[in-house]
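Here's the structure, in structure tokens; my notes come after.
Excluded from the calculations below are hydrogen atoms, water molecules and symmetry mates; all remaining heavy atoms, backbone and side chain alike, are included. None of the values given here were measured: they were computed from a predicted structure.
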Amino acid sequence: MMRALIVDDDLFSLKLLERQLTQARVEAVATCDNALAALGLVEAEAERVDLIFVDLNMPGMDGVEFLRCLAERHFRGGLVLVSGEDTRVLQSVAALARAHRLRLLAALTKPVAPERIAELIEAVPGSSGTTVIQAVPKFYQAVEVADAIGSGQLVNYYQPQVVLATAEVAGVETLVRWQHPEDGLVFPDRFIPVIEAGGLSDRLANAVLAGALRDARRWSAIGLHLRLAINVAMDNLTELGFPDEVAQALAAAGVPTSGLVLEITEGQATRDRLKLLDISSRLRLKHIGLSIDDFGTGFSSLAQLRDIPFDELKLDRDFVHGVGRDPALRAMVQANVGMARELQLRTVAEGVEDRSDWDCLRDLGCECAQGYFIGRPMPAEALPGWIAQWQERRLDLLAGAR
Ligand code: C2E
Ligand code: CA
Ligand code: CA
């Protein structure tokens, strides 16, 4: 039996949502016109509330304080934010709920569409018909990952990057995966932190680069000449010999230095600025591309952009998907694309998930796009087939078909 609780000081909203939930066959719906009372109810029978709808703007305890109290009480049910406030506020509070590790199912503006209610009920943890399998995150030891690098268990996947104006394929980003003998395909967020903490970044970068160059050779044998991007942490830019090593590896594989882009993210170690500037300048002198990855997040900032001779700016997916519908995102992307143009940086947007993202980025003058709308990361062997299919879709995109 599913139990929902609605917290809203506005009686009309309260009644409307109550009726919608009853129509969606939620068996028990409780309502509270203030957060304090709601909290009392949750405290009294926490395990009996599966789903809470909470309004943000309430006199007395507001929605933000209510979330904080729910988090303190380790509330494990589903949570839906409902608000008449503007979407920026709603989005910030949604981010806050996730930071509190609450199970946020949605953040909705009033009035709530009935079909959204039905979807939400389906998504409630433990509701009939849905079993929530709690994947227990497995933590790997540095030695395990080191062995995996040594025994060749890391494999490169490649995700296409295409030119927005012409829909031509420009290059691929190399994304590493661990083909684990027991656990299957393991994604980088599960082992990159171990690599960085264990001082294995250089070994990883070498393995990924070697694999990418092997694949690039195979592609060029069938006439595919693609710009290769690989991810490196700033921690990789501490050995003065790095630019020469990379240049030698490229020469040995017959790939021009201008065919490689290093996507750089902030590492964990405190960096030696002198070395960083020395190394990055020498990479650029050799015409190896340098991209500032995840631009706009964390430490990937204007200060980096000022000092390091980047020639590409990679817009993080957090700023990209939804850009066609969200005026705030659009303003941020527009400003960044404009700045990049002034600085003569190529812009690549990652996280392009639908046609509206694509159209908006093209209209804003962003150069390249990458994301699920175009193609998912794939093994090297799959790339030629994807390119053949893309030529068909490319025509549709250019012809403006939807
Ligand atoms: P990143 O460099 O920001 O890479 C983009 C991530 O976004 C990839 O996740 C990719 O699969 C995902 N992605 C691509 N298109 C879309 C989209 O349309 N929507 C959404 N929601 N996601 C999309 P992945 O492969 O799991 O990689 C995660 C991170 O791991 C990367 O983030 C990068 O920081 C790191 N990483 C991956 N490979 C390497 C590597 O070889 N070396 C290092 N140092 N880090 C790596
Ligand atoms: Ca990247
Ligand atoms: Ca990113």
Side-chain angles (χ1 to χ4, degrees), residues 154-177 205-232 242-264 280 282-293 309-315 340 344-350 352 358 361-362 366-398:
L154 296 193
V155 287
N156 288 346
Y157 272 50
Y158 299 94
Q159 187 176 32
Q161 298 181 334
V162 302
V163 178
L164 276 151
T166 60
E168 274 169 298
V169 181
V172 289
E173 176 179 358
T174 311
L175 294 159
V176 71
R177 272 100 183 83
N206 289 336
V208 170
L209 179 63
L213 291 175
R214 266 197 309 275
D215 290 328
R217 256 189 132 137
R218 291 199 197 108
W219 293 326
S220 83
I222 54 169
L224 290 179
H225 304 286
L226 300 165
R227 188 172 68 215
L228 268 184
I230 75 165
N231 289 286
V232 297
F242 183 74
D244 299 302
E245 278 170 31
V246 175
Q248 276 158 20
L250 287 167
V255 174
T257 48
S258 58
L260 180 71
V261 178
L262 303 177
E263 294 189 4
I264 300 176
S280 56
R282 291 190 60 237
L283 287 165
R284 286 296 300 133
L285 287 171
K286 293 178 191 298
H287 302 121
I288 292 167
L290 295 183
S291 176
I292 180 162
D293 206 352
F310 289 110
D311 64 341
E312 179 183 288
L313 184 149
K314 193 105 188 250
L315 290 168
Q344 296 179 322
L345 302 171
R346 173 174 58 226
T347 37
V348 181
E350 83 179 14
V352 177
W358 171 282
L361 289 160
R362 188 201 49 215
C366 178
E367 253 171 275
C368 292
Q370 173 184 346
Y372 297 163
F373 177 67
I374 299 148
R376 297 207 170 227
M378 62 191 96
E381 316 79 76
L383 196 74
W386 177 87
I387 290 185
Q389 282 181 349
W390 177 253
Q391 299 315 322
E392 291 294 312
R393 276 191 68 202
R394 197 185 151 200
L395 291 177
D396 289 341
L397 271 172
L398 291 176

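In terms of heavy-atom proximity, Val163 sits nearest to Ala170 at CG2-CB, 4.0 Å. Residue Ala253 comes nearest to Leu213 through the heavy atom pair CB-CB, 3.9 Å, listed as atom of the first residue, atom of the second, then distance. Scanning both residues, Ile230 and Ala205, for their nearest heavy atoms gives CD1-O, 4.4 Å. Between Pro243 and Leu283, the shortest heavy-atom contact is CA-CD2, 3.6 Å. Between Val255 and Ala216, the shortest heavy-atom contact is CG2-CB, 4.3 Å.
Taking 4.5 Å as the limit, every side-chain heavy atom of Ile292 sits out of range of all side-chain heavy atoms of Ile264. The shortest side-chain heavy-atom distance between Leu228 and Tyr158 falls under the 4.5 Å cut-off. Side-chain contact between Val155 and Arg177: present, with at least one pair of heavy atoms (C-beta onward) separated by less than 4.5 Å. No side-chain heavy atom of Tyr157 sits under 4.5 Å from any side-chain heavy atom of Val176.
In this structure a side-chain-to-backbone donor-acceptor pair under 3.5 Å is present from Asn231 to Thr174. Listed for the Thr347 side chain is no donor-acceptor partner under 3.5 Å among the backbone atoms of Leu313. Listed for the Asn156 side chain is a donor-acceptor partner under 3.5 Å among the backbone atoms of Val208. Side-chain N or O atoms of Arg284 include one that pairs as donor or acceptor with a backbone N or O of Ile288 at under 3.5 Å.
A search for side chain to side chain donor-acceptor pair (under 3.5 Å) contacts involving Thr166 returns Glu168, not counting sequence neighbours. Among residues two or more places apart in sequence or in another chain, the ring-ring contact (aromatic ring centres under 6.0 Å, His included) test is passed with Phe310 by none. Looking at residues two or more places apart in sequence or on another chain, you find no salt bridge (charged side-chain N to carboxylate O under 4.0 Å, His left out) involving Arg394. Shown here are the salt bridge (charged side-chain N to carboxylate O under 4.0 Å, His left out) partners of Asp244, two or more places apart in sequence or in another chain: Arg282, Lys286. Every side chain to side chain contact (heavy atoms under 4.5 Å, CB included) that Ser280 has, sequence neighbours left out, goes to Leu290, Ile308, Pro309. Take Glu367 and apply the salt bridge (charged side-chain N to carboxylate O under 4.0 Å, His left out) test, not counting sequence neighbours, and it matches no residue.
Annotation: the span from His287 atom NE2 to Asp311 atom CG amounts to 10.0 Å, rounded to 0.5 Å. Taken from CZ in Arg393 to CG in Leu395, the straight-line distance is 12.0 Å, to the nearest 0.5 Å.
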Below 3.5 Å, can you tabulate the donor-acceptor pairs from side chains in residues 371-390 to any protein atom, sequence neighbours excluded?
{"residue": "Trp386", "atom": "NE1", "partner": "Ile374", "partner atom": "O", "Å": "3.2"}
{"residue": "Trp390", "atom": "NE1", "partner": "Ala167", "partner atom": "O", "Å": "2.7"}

Derivation of the side chain to side chain contact (heavy atoms under 4.5 Å, CB included) call for Arg346 and Val261: CA-CA 11 Å; Arg346 173 174 58 226; Val261 178; 3.8 Å; yes

### Query
Taking it one step at a time, do Gln370 and Glu350 satisfy side-chain hydrogen bond (donor to acceptor under 3.5 Å, both in side chains)?
CA-CA 5 Å; Gln370 173 184 346; Glu350 83 179 14; 5.1 Å; no

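Listed by first and then second residue, the side-chain hydrogen bond (donor to acceptor under 3.5 Å, both in side chains) pairs involving residues 251-263 are Glu263-Lys314 (not counting sequence neighbours). Sorted by first and then second residue, the pairs that involve residues 208-232 and meet salt bridge (Lys or Arg N to Asp or Glu O under 4.0 Å), not counting sequence neighbours, are Asp215-Arg218.
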